[in-house]
Structure formats: structure tokens, C-alpha cells
Amino acid sequence: MKLTIDTTGKTFTVTKAVEEKKDQNGRQKADRNTNELLWSVQVMALDETGGEVINVTLAGNAMPKVNVGAVVVPVELEAMPWATNGRNGVAYRAKTLNAATGSAKS
């Protein structure tokens with residue numbers, strides 16, 4: 001089950017450099033459907049209720065060009081709850097991260 005996240009009123013700041021998303025053997029993972037390489041970007045999502053650090057997965061054959069400290073806007077951000085081997089959590093995925101332009105407040 002995928003849940004699309006409404007990013008209105010939220011600010012996303014890159015907190016860690018882009019990394020290859022790797023499998024248990026240390027190889028970079030690829031998307032099952034498109035075969036594009038997968039990347040992980042750590043961001044802090046902040047709104048009036050507080051902040052949370054999340055890892056967002058992006059697909060593409062070129063490393064995403066985002067810098068630590070950059071304010072970004074996730075495009076088509078989705079949350080996918082998961083459970084395996086008695087562990088559970090939420091995986092986040094976006095189509096891309098665009099540079100934020102202008103003020104976050106309208």
C-alpha cells in the first residue's frame with residue numbers, strides 16, 4: 001500500500017549526502033520495474049508540529065544533484081509501510097527532489 005504525502009506547508013532540508021542504495025551484497029540496487037539505479041537521500045521534514053528525519057529513495061541512472069543544507073521539494077512523495085522478520089517501518093520514495101524556490105510561506 002502506497003500513501004501519497006501532502007507536502008503543503010512542510011519544509012524539506014537535505015541533511016546527508018546522496019548515497020547509493022545497496023543490497024546485502026554491497027551492490028547498488030535497481031528499481032524492479034524500470035531497472036533504474038536507486039539512491040537514498042536523508043532529509044529533515046519540518047512543519048508547525050515539529051521535525052522528522054527520513055530517508056527518501058530516488059530512482060535514476062545519474063546521481064541526484066542535491067547538496068547538504070539545500071531546501072528541496074519532493075515530487076510525488078510516497079510512504080510505504082513495511083513489515084519483515086518482526087520489524088516494521090515506513091519507506092519513503094519520491095520521483096525527484098527539486099530545489100525550493102522563493103519563500104515557503106505564501
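- Checked by atom type and distance alone, the side chain of T15 pairs as donor or acceptor with a backbone atom of Q42 at under 3.5 Å.
- When all heavy atoms of P64 and L58 are compared, the closest pair comes out as CG-CD1, 3.7 Å.
- Just one of D47, L77, V75 meets the side chain to side chain contact (heavy atoms under 4.5 Å, CB included) condition when paired with T7; it is L77.
- Remark: K29 engages no residue in a salt bridge (charged side-chain N to carboxylate O under 4.0 Å, His left out) (not counting sequence neighbours).
- Take E36 and apply the salt bridge (charged side-chain N to carboxylate O under 4.0 Å, His left out) test, not counting sequence neighbours, and it matches no residue.
- One hydrophobic cluster, built from ILVMFWY side chains closer than 4.5 Å, cannot hold both V18 and V73; they sit in different ones.
- Looking at every heavy atom in both residues, V72 comes nearest to P74 through O-CD, 3.9 Å.
- Other residues, nucleotides and ligands contribute at most 12 non-hydrogen atoms within 6.0 Å of the CG atom of N85.
- When the salt bridge (charged side-chain N to carboxylate O under 4.0 Å, His left out) test is applied to R27, the partners found at least two apart in sequence or on another chain are D23.
- In this structure, CG in N33 is found 10.0 Å from CG in N35, a value given to the nearest 0.5 Å.
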Enumerate, atom names and distances included, each donor-acceptor pair closer than 3.5 Å involving a side-chain atom of residues 86-99, sequence neighbours excluded.
from, atom 1, to, atom 2, distance (Å)
R93, NH1, D31, OD2, 3.2
R93, NH2, D31, OD2, 2.5

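- Closest heavy-atom contact between G60 and W39: O-NE1, 2.7 Å.
- Residues that satisfy the side-chain contact (heavy atoms from CB on, under 4.5 Å) test with D6, not counting sequence neighbours, are T8.
- Looking at heavy atoms from C-beta onward, V41 lies in side-chain contact with V14 at the 4.5 angstrom threshold.
- Follow the hydrophobic side-chain contacts under 4.5 Å out from V56 and you never reach L46; the two are in separate clusters.
- Listed by first and then second residue, the side chain to side chain donor-acceptor pair (under 3.5 Å) pairs involving residues 57-81 are K21-T57 (not counting sequence neighbours).
- To the nearest 0.5 Å, the span separating CE on M63 from CD on E20 amounts to 6.0 Å.
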